[in-house]
K.L.:
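Dropping the structure in here first, questions after.
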Amino acid sequence: MATLELKNLHAEVADDDEVETILNGVNLEVHSGEIHALMGPNGSGKSTTAKVIAGHPAYEVTEGEVLIHLEEGDFGEDFKIPEDKRTWNLLELEPNERAALGVFLGFQYPAEIEGVTMSNFLRTAVNAKFEGRKELFEDEESEEPERTESEDTGFDTSPMEGDVEEGEIDVAEFQQLLSEKMEMLDMDEKFARRYLNAGFSGGEKKQNEVLQAALLEPSIAVLDEIDSGLDIDRLQDVSKGINALRDEQGTGILQITHYQRILDYVEPDHVHVMLDGQIAKSGDASLAEKLEDKGYDWIREDVYQTA
């Protein structure tokens, strides 16, 4: 079981030479197989928390740690995790390395990429995960391979090029895996032949984010307002996918949301309320229901009275 741990996390962002502090000491633990809802008003720091976990370059962490704790078997029975490499500080790693260690970020506004099919993109991402994981866990004394020009630019080959057998998973194996995951999520396989998010509705884009998580099989998936802009049918489809990530794959979910409605379909084990860059209150699913009735002001009043 993997654990994502945020310890006294402080972060700021520079905008036009003015520094604005966004996070003011966030403490949080998310374990594999759990669903956590992170709620709060606009500007409270929810999306910043997600981006800091993933390694967004616009934010500077000034204090604290973001740790991933791993256990033997987290990457499958055949992958051995040495005892001295079972805890990593994600702040010391690049975004792709964080992904290789089992951290996934589902975007609020997924990008559209014309000319790259979903299938091609997803296979490239899956193989990149395996390659990155090998590099992180390989023997430090082993001879480092000579870097090529393409590696210096951040990728080995274009996703549109290369041998069909190249990578940990070849095309035939990937197509089988993709079919299994799309069946698990009850998705039409025609999606895989379309260009990445190009011409997709908002709901289709969010379903695609869940599909990416299903294929990458992260230990912890951070979903940033994946419910925003969804009608009731798409909300149910996306929620079914999130539940499948937890129930079928054991993924831990950090679900960032403004609204309680998605929690009618994705029941959280824990609910956290963020105010002014800190987690002000935590509780079970009933806390989200209370927020729906009373808003956030009562929590702010309660926190300030206690202080």
K.L.:
In a table with atom names and distances, give each donor-acceptor pair under 3.5 Å that connects a side chain of residues 268-275 to protein atoms at least two apart or in another chain.
P.N.:
unit_1 : atom_1 : unit_2 : atom_2 : d
Asp269 : OD2    : Ile35  : N      : 2.8
His272 : ND1    : Ser282 : OG     : 2.7
His272 : NE2    : His36  : ND1    : 2.9

K.L.:
List the residues meeting salt bridge (Lys or Arg N to Asp or Glu O under 4.0 Å) with Arg261, not counting sequence neighbours, and say none if there are none.
P.N.:
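Per chain and number, Arg261 pairs via salt bridge (Lys or Arg N to Asp or Glu O under 4.0 Å) with no residue.
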K.L.:
Please list all pairs passing the salt bridge (Lys or Arg N to Asp or Glu O under 4.0 Å) test where one or both residues lie in residues 92-115, with sequence neighbours left out.
P.N.:
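Output for this query lists Glu112-Lys205.
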K.L.:
With sequence neighbours left out, what residues match Asp74 under salt bridge (Lys or Arg N to Asp or Glu O under 4.0 Å)?
P.N.:
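None.
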K.L.:
Which residues pass the side-chain hydrogen bond (donor to acceptor under 3.5 Å, both in side chains) test with Asn96, not counting sequence neighbours?
P.N.:
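side-chain hydrogen bond (donor to acceptor under 3.5 Å, both in side chains) check on Asn96 returns nothing, list empty.
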K.L.:
Excluding sequence neighbours, so at least two apart, what forms side-chain hydrogen bond (donor to acceptor under 3.5 Å, both in side chains) with Glu63?
P.N.:
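Once residues adjacent in sequence are excluded, the partners of Glu63 under the side-chain hydrogen bond (donor to acceptor under 3.5 Å, both in side chains) criterion are Asn8.
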K.L.:
Which residues pass the side-chain hydrogen bond (donor to acceptor under 3.5 Å, both in side chains) test with Gln175, sequence neighbours left out?
P.N.:
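Checked Gln175 against side-chain hydrogen bond (donor to acceptor under 3.5 Å, both in side chains); matches are Ser119.
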K.L.:
Considering residues at least two apart in sequence or located in another chain, which fulfil the ring pair (Phe, Tyr, Trp, His ring centres under 6.0 Å) criterion with His56?
P.N.:
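Checked His56 against ring pair (Phe, Tyr, Trp, His ring centres under 6.0 Å); matches are Tyr59.
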K.L.:
Which heavy atom of Gln278 sits nearest a heavy atom of Gly25, and at what distance?
P.N.:
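Minimum heavy-atom contact is CG-O, 4.2 Å.
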K.L.:
Please identify each residue that fulfils salt bridge (Lys or Arg N to Asp or Glu O under 4.0 Å) with Glu173, with sequence neighbours left out.
P.N.:
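For Glu173 there are no salt bridge (Lys or Arg N to Asp or Glu O under 4.0 Å) partners, ignoring immediate neighbours.
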K.L.:
If you look only at pairs with a residue in residues 209-220, which of them pass as a side-chain hydrogen bond (donor to acceptor under 3.5 Å, both in side chains), with sequence neighbours excluded?
P.N.:
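Matches after skipping sequence neighbours: Lys181-Glu217, Glu209-Gln212.
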K.L.:
Salt bridge check, Arg234 against Glu204: does any charged N sit closer than 4.0 Å to a carboxylate O?
P.N.:
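Result for this pair is yes, salt bridge flagged.
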K.L.:
Does a sphere of radius 6.0 Å around CZ in Phe75 hold more than 12 heavy atoms from other residues, nucleotides or ligands, not counting ones at 6.0 Å or beyond?
P.N.:
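Counting other residues, nucleotides and ligands, CZ of Phe75 exceeds 12 neighbours.
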K.L.:
Exactly one of Lys134, Arg133, Lys129 should register a side-chain hydrogen bond (donor to acceptor under 3.5 Å, both in side chains) with Glu168. Which one does?
P.N.:
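The residue from Lys134, Arg133, Lys129 that satisfies side-chain hydrogen bond (donor to acceptor under 3.5 Å, both in side chains) with Glu168 turns out to be Lys134.
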K.L.:
Donor-acceptor pairs under 3.5 Å, side chain of residues 182-193 to any protein atom, not counting sequence neighbours: which ones?
P.N.:
unit_1 : atom_1 : unit_2 : atom_2 : d
Asp188 : OD1    : Lys190 : N      : 2.9
Glu189 : OE1    : Ser179 : OG     : 3.4

K.L.:
Restricting to pairs with a member in residues 245-268, which pass ring pair (Phe, Tyr, Trp, His ring centres under 6.0 Å), not counting sequence neighbours?
P.N.:
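Listed by first then second residue: nothing to list.
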